[in-house]
Amino acid sequence: MKYVSGPYFEPDFDPLLDRFGTPGVVVDNETREDCTLVKVDSVNRDGVLLEMVQLLTDLDLVISKSYISSDGGWLMDVFHVTDQIGRKLTDPSLPEFIQRALVPSHRPGNGPSPRFTTCLGNVIGPGGPDVSDCAALEFTVHDRPGLLSSITSVLADNGCHVESGQAWTHNGRAAGVLYVTATADGAALHPSRWARIERLVDAVVDARENVTGERHWVRVSELVQGRVHTERRLHQLMHDDRDYESGPAPTPVDEELFSMGDKAATARTARRAETRVSIDSWEERGYAVVKMTSRDRPRLLFDTVCALTDMHYVVFHATVGSQGALAIQEYYIRHKDGRTVHSNAERQKVSRCLVAAVERRATHVRLDHPSPSLYLVGASLTLGVVQGMRVEVRAADRSGLLSDFTRVLREHGLSLLRVELKRHKDEATGTFYLVMDTGGEVRTEAVRTVQARVAEMDVSLEIVKEAPGWPPVRKTSVPAAPLAARQQQAQERPRPSLGSLLWSHLGKLSNNFSY
């Protein structure tokens, strides 16, 4: 027998690694007047950046700026955050909650899951949304008016109740995750019924398909254990459905926005709100450098990191900031297999995937974008861009509620751009972004008619002009490169604009980590 030597570990060494791997979290309210700095350092492991961004997003925090460095075996990240109305974070339990939430749950001694109530009243952890007794109905399909109404009608006719869920549309495609129970009081749907429900929904989707051979996918999954991150799953579904393939090629970024000062950049931001992407190679360091500009909004960083993760890219360094209404992001990435983005075809795919991830959650679209079934409505934002109408719905939960409500919308010529459904105790709430079946602007009078109609069903409907508390009162901005760095960039064009500057920023931030 051939003897193969291997490393020897003391019996207590693995627990020691667990203790070293416990993230260090500092919530700093002293350094900045306009925001709180959340500083995290940890042993680097696969997926930890997405976990951190997802956690801060779930806490209903607005990330206005961030610095990310994870080259090597250690990770150091700094996030500039406020709550949804621009206030600093003052809850003394927040650092411990973040620290415990980032520790893998399988580690011995991690204890029960922590619990936290956000500024919007959402509960994270035990006591928050729990779909462990639900079956998950997932679908991707060609978008069309009345789609959700058709699906929920099938569920209601077969004695199924939609507990919660979300649905998105983008580039003429739709994806949804609906958590289904047998009754409104939460009784689990027996596994023997899954196949039948899946078959019926698939038949309805297929029967209403207008395009011969158009792809669609329906699945009812096993019971979900614990809290599920639905938005993460929606990104995966739409990526797998290749919603990024249609539409024009992304426009390159304005490189000057990554080096100019705040005042000089302000005048340019108004005409740079569309999502733009450029990808370069930094051969000396073995990175692909991704630069993005887009309209700033909540959850933008989460959506971008989701896209990079779905494409199996690892973020080694990043800077994210904002300039007025414009978000500016720069990532230094490498594929998990060690390669960068070399071919033009790969650059185009990565660029398209990033633009799709940013725009799936958007409530507006360019009218010149080829999307045959979607014509967004509402007040015009810029030339060729219109805004969807947001309504919030509230009612006592009951069987068939969602089917009844979406049927009324369909009867009045209204379709859906985005949907988010929740349940708290015995009350069902929903946020719907409405579009017209035939295009054009959604008239307030039409929604008032729907409002009166659903009031007869004991459903409260309110029109929301814009998201509460957004944008925050004060916003930080993207840092400008010093003159020496800009001169070096001009002399050495192949090097990315923020190459040396990034290391300088991370070095300064590291000195502020007072552990």
Side-chain angles (χ1 to χ4, degrees), residues 129-169 173-211 213-238 240-241 243 393 395-410 415-416 418-423 426 428-430 432 457:
D130 184 9
V131 291
S132 57
D133 290 330
C134 300
L137 170 63
E138 301 177 341
F139 60 87
T140 57
V141 63
H142 177 78
D143 186 38
R144 61 181 176 273
L147 174 63
L148 187 61
S149 177
S150 300
I151 293 174
T152 55
S153 177
V154 169
L155 295 175
D157 290 346
N158 286 272
C160 297
H161 177 68
V162 178
E163 189 84 3
S164 61
Q166 291 191 52
W168 291 353
T169 61
R173 305 295 299 173
V177 179
L178 303 178
Y179 299 109
V180 182
T181 57
T183 61
D185 59 6
L189 185 68
H190 196 274
S192 63
R193 300 179 60 190
W194 295 354
R196 172 178 168 78
I197 298 299
E198 182 177 305
R199 186 170 59 253
L200 290 172
V201 173
D202 185 82
V204 168
V205 168
D206 186 58
R208 292 180 58 86
E209 195 57 73
N210 296 321
V211 182
E214 182 68 36
R215 65 185 185 274
H216 67 273
W217 180 82
V218 178
R219 186 185 73 172
V220 178
S221 70
E222 61 183 339
L223 298 182
V224 181
Q225 299 301 317
R227 187 174 186 276
V228 173
H229 201 279
T230 308
E231 294 174 353
R232 176 76 188 98
R233 182 60 183 148
L234 283 170
H235 275 300
Q236 292 173 332
L237 289 174
M238 300 205 85
D240 292 343
D241 189 56
D243 70 318
V393 177
D397 199 15
R398 60 173 175 81
S399 296
L401 175 62
L402 182 60
S403 175
D404 292 343
F405 177 73
T406 53
R407 184 183 68 250
V408 172
L409 294 180
R410 181 172 62 177
S415 293
L416 300 168
R418 240 179 69 203
V419 179
E420 181 176 357
L421 309 168
K422 295 181 181 179
R423 177 181 175 178
D426 294 329
T429 61
F432 298 81
M457 303 159 46

Between Phe405 and Val393, is any pair of side-chain heavy atoms under 4.5 Å apart?
yes

Run the salt-bridge test on Arg418 and Glu420 with the 4.0 Å N-O cut-off and return the result as yes or no.
no

Roughly how far, to the nearest 0.5 Å, is CG of Leu155 from CG of Leu137?
6.0 Å

SG/Cys160 to CG/Leu189 distance, rounded to the nearest 0.5 angstrom?
5.0 Å

List the atom of Ser149, the atom of Thr406, and the distance in Å for their closest heavy-atom pair.
CA-OG1, 3.4 Å

In Å and rounded to the nearest 0.5 Å, what is the OH to NZ distance from Tyr179 to Lys422?
12.5 Å

Does Asp404 pair with Arg407 as a salt bridge, N-O distance under 4.0 Å?
yes

Applying the side-chain contact (heavy atoms from CB on, under 4.5 Å) criterion to Val141, which one of Asp206, Val218, Ile151, Val205 satisfies it?
Val205

Checking side chain to side chain contact (heavy atoms under 4.5 Å, CB included) for the pair Val180/Ile197: CA distance, chi angles, key distance, verdict?
CA-CA 10 Å; Val180 182; Ile197 298 299; over 6 Å; no

Might you point out which heavy atoms bring Ser403 and Ser153 nearest each other, and give the distance in Å?
OG-CA, 3.4 Å

Are the side chains of Phe139 and Val201 in touch, meaning some heavy atoms are under 4.5 Å apart?
no

Is the shortest heavy-atom distance from the side chain of Leu402 to the side chain of Leu421 under 4.5 Å?
yes

Val204 and Ser150: which non-hydrogen atoms are nearest, and at how many Å?
CG1-CB, 3.8 Å

Drop me the distance from Arg232's CZ to Leu237's CG, to the nearest 0.5 angstrom.
10.5 Å

Measure the shortest side-chain to side-chain distance between Asp202 and His216 over non-hydrogen atoms and say whether it is less than 4.5 angstrom.
yes

Test log, rule side chain to side chain contact (heavy atoms under 4.5 Å, CB included), inputs Glu138 and Val177:
CA-CA 5 Å; Glu138 301 177 341; Val177 179; 4.1 Å; yes

Tell me if the CZ atom of Arg196 is crowded by more than 12 foreign heavy atoms within 6.0 Å.
no

What pair of heavy atoms forms the shortest contact from Met238 to Ala175, and how long is it?
CG-CB, 3.6 Å

Can His229 and His235 be said to form a side chain to side chain contact (heavy atoms under 4.5 Å, CB included), step by step?
CA-CA 10 Å; His229 201 279; His235 275 300; over 6 Å; no

Answer yes or no: is there a donor N or O on one side and an acceptor on the other, between the side chain of Arg193 and the main chain of Asn158, under 3.5 Å?
yes

Just verifying a value: how many Å separate Thr183 OG1 and Glu163 CD, rounded to the nearest 0.5 Å?
8.5 Å

Drop me the distance from Thr181's OG1 to Arg423's CZ, to the nearest 0.5 angstrom.
7.0 Å

Which heavy atom of Ser415 sits nearest a heavy atom of Gly146, and at what distance?
OG-N, 3.9 Å

Backbone of Asp241 reached by a side-chain donor or acceptor of Arg215 within 3.5 Å
yes

